[in-house]
Amino acid sequence: MADPPHRSLPDEITIWEILVRLPPKSLLRCRAVCRAWRSATSARRFLLAHHALQPTLPLLYGFNFVGDEVQSLDIIPFHQRAGAGQLQLRPVARLEQDSDFHHLEACCDGLLVFSFRNTSVRDWRFAVCNPATRQYAPLPLAYGSGVEYSLLGMYPHIPTGDYRLLMYRASALMHGELVPAAAQDGSYIFTLGSGQPPRHIGFLDAEVLTYTFGSLLFRGSLHWRPPGNMIMVFDTTTELFRQMRAPVVLGHAKLFQMDEMLGMSGFNDGGTTIDIWMAQDYERGVWACKYRVEFSVADLTLRFGKFDGSSWVVAVPWDGDVLLLVNFGEWLLHVDIGGKLVATFHRKGLGPANLQLKQTLVQHTFFPTLEGYVANSAPFI
């Protein structure tokens, strides 16, 4: 009798050269082949190596409608492959929205953080999930009723191995009056699974970061681009804030990472011109404009609808370069750096998360410690 197909190669090659490179869903299916594969691919050493080899993909989100009602939320890593079209907008997770309304807030090492509102009690909370393992748990963070936490970012704290959330707390206004609060306003750090309340670290100036379009984790620090010509930086090891110089960009500015370099995109209000800047010297804050992309909004409007206040433009790294995603109504357009329309995707309720997902099957011990923890259950669909 001939050996099974997977026996034709040494296990060292099969496991450490082939299985370790598979997407999470494919790897989970392969675990059913034999006990040896299941055991080897469940080991923490393997899972860490598997995570390291997963692609880092720009994240989009998409609301699914039945009539005018939102029924679910899709978390969508963006793939761009020639001729693939709509198939590359497949979600890695779908969350029901019947009683809890979820908004994607942060992403780190394959973990996602949402804010959600329970429509029955009209209260906002936060939750953490891993779309690859389908684990989900609410977080013990009050949000509302006089306590207003805004999520500034998520990061791994390398010295301890913990995952932490950087929050900003501001006393709430209710009925036009300031609600008294026992805790101080300012920045806080919350450690997932610690069982401890958020730790106050001060820095009231971080309030301006609550108005930015998300944070970027780069070189062990969180980065934001608030209004002005400076970038705010939070060192995730020392847990201290600092500032660095930023280029003067057009209109709306967003940070991104490309090939170990910090980048920034800016586009004018009409969306006709997009500048792509790269930090040539990160430590000294020296920037250079790498591209200026111009395209005809008038021509695109005739085909895809009006570019208005609900439209958006994001620059994302791809294969050592940059691609542009432009939203016109119910259309997502891929525009290259020459301003040429490369691909189109029709999808209602699609939005940019300004985050990147690198999926992981690593098991995190904090999940079972959180009250309300579930696996492979609602709100996952």
Side-chain angles (χ1 to χ4, degrees), residues 23-25 28 54 56-79 86-144 149-151 153-154 163 165 167 190 192-193 213-214 312 327 330 332 345 347-364 366-381:
K25 286 186 177 180
L28 292 175
Q54 293 302 296
T56 301
L57 300 173
L59 267 184
L60 304 173
Y61 63 84
F63 292 110
N64 299 302
F65 293 84
V66 175
D68 294 330
E69 298 293 326
V70 176
Q71 296 296 310
S72 60
L73 172 69
D74 285 350
I75 305 302
I76 308 168
F78 180 82
H79 294 259
Q86 186 71 21
L87 294 178
Q88 297 308 302
L89 291 182
R90 292 176 176 172
V92 294
R94 176 169 289 174
L95 280 71
E96 60 185 1
Q97 300 279 71
D98 53 352
S99 61
D100 296 330
F101 197 81
H102 290 81
H103 291 274
L104 183 57
E105 299 278 358
C107 181
C108 178
D109 289 349
L111 299 171
L112 305 178
V113 174
F114 296 91
S115 60
F116 68 94
R117 180 171 66 96
N118 188 302
T119 56
S120 61
V121 297
R122 299 184 180 276
D123 196 11
W124 284 92
R125 300 291 184 197
F126 291 98
V128 60
C129 90
N130 183 340
T133 59
R134 293 175 64 85
Q135 294 172 291
Y136 177 99
L139 297 175
L141 292 170
Y143 185 54
Y149 279 116
S150 297
L151 180 59
M154 180 182 185
Y163 282 92
L165 304 182
M167 321 286 294
F190 176 73
L192 297 182
F213 194 64
W312 45 267
N327 167 253
E330 296 184 6
L332 178 67
F345 306 87
R347 169 72 188 261
K348 181 181 179 181
L350 198 64
N354 205 39
L355 301 168
Q356 293 184 312
L357 178 67
K358 187 181 180 73
Q359 292 197 78
T360 183
L361 291 170
V362 174
Q363 296 294 317
H364 296 289
F366 65 77
F367 268 111
T369 69
L370 297 171
E371 185 178 355
Y373 162 69
V374 294
N376 201 30
S377 181
F380 286 108
I381 298 176

**Complete:** Distance col, row Glu105:CD vs Leu165:CG, nearest 0.5 angstrom, shows 10.5 Å
Output side-chain donor-acceptor pairs under 3.5 Å for residues 70-77, partner residues at least two apart or in another chain, one line each.
unit_1 : atom_1 : unit_2 : atom_2 : d
Ser72  : OG     : Asn64  : ND2    : 2.8
Asp74  : OD1    : Asn64  : ND2    : 3.1
Asp74  : OD1    : Arg94  : NE     : 2.5
Asp74  : OD1    : Arg94  : NH2    : 3.3
Asp74  : OD2    : Asn64  : ND2    : 3.3
Asp74  : OD2    : Arg94  : NH2    : 2.9
Asp74  : OD2    : Arg347 : NH2    : 3.2

**Request:** Under the ring pair (Phe, Tyr, Trp, His ring centres under 6.0 Å) rule, collect the residues that match up with Phe380, sequence neighbours excluded.
**Result:** none
**Prompt:** Quick one: side chain to side chain contact (heavy atoms under 4.5 Å, CB included) partners of Lys358, sequence neighbours excluded?
**Reply:** His51, Gln54, Thr56
**Asked** What distance separates Leu355 CG from Leu57 CG, expressed to the nearest 0.5 Å?
**Response** 13.0 Å
**Prompt:** With side chains defined as the heavy atoms from C-beta onward, is the minimum distance between Leu111 and Phe367 less than 4.5 Å?
**Reply:** yes
**Message:** Does any part of the side chain of Leu192, heavy atoms only, come nearer than 4.5 Å to the side chain of Leu370, both counted from C-beta?
**Reply:** no
**Item:** Reported CE-to-CZ distance for the pair Met154 and Phe190, which is rounded to 0.5 angstrom
**Value:** 10.5 Å
**Prompt:** Looking at CG of Asn354 and CH2 of Trp312, how far apart are the two atoms once the value is rounded to the nearest 0.5 Å?
**Reply:** 10.5 Å
**Message:** Please report the interatomic distance CD(Gln97) to CZ(Phe63), rounded to the nearest 0.5 Å.
**Reply:** 6.0 Å
**Asked** Under a 4.5 Å cut-off applied to non-hydrogen side-chain atoms, are Phe116 and Pro379 in contact?
**Response** no
**Fill in**
Output for pair (Leu60 CG, Leu350 CG), nearest 0.5 Å, gives 5.0 Å
**Fill in**
Scanning both residues in full, the closest heavy-atom pair of Thr369 with Phe366 reads OG1-O, 2.6 Å
**Message:** Test of understanding: with ring pair (Phe, Tyr, Trp, His ring centres under 6.0 Å), list the residues that count as partners of Tyr163, not counting sequence neighbours.
**Reply:** His364
Kindly list each side-chain donor-acceptor pair under 3.5 angstrom involving residues 127-141, sequence neighbours excluded, with atom names and distances?
unit_1 : atom_1 : unit_2 : atom_2 : d
Asn130 : OD1    : Ala132 : N      : 2.9
Asn130 : ND2    : Thr133 : OG1    : 3.3
Asn130 : ND2    : Thr360 : O      : 3.2
Thr133 : OG1    : Gln135 : OE1    : 2.7
Arg134 : NE     : Asn376 : OD1    : 2.5
Gln135 : NE2    : Tyr373 : OH     : 3.0
Tyr136 : OH     : His102 : NE2    : 2.8

**Prompt:** Should Ser115 and Leu151 count as side-chain neighbours, where that means a heavy-atom distance under 4.5 Å?
**Reply:** no
**Message:** If you take the centroid of each ring, where Trp contributes its six-membered ring, are Phe345 and Phe78 closer together than 6.0 Å?
**Reply:** yes
**Fill in**
Sorted by chain and residue number, the side chain to side chain donor-acceptor pair (under 3.5 Å) partners of Gln356 (sequence neighbours excluded) come out as none
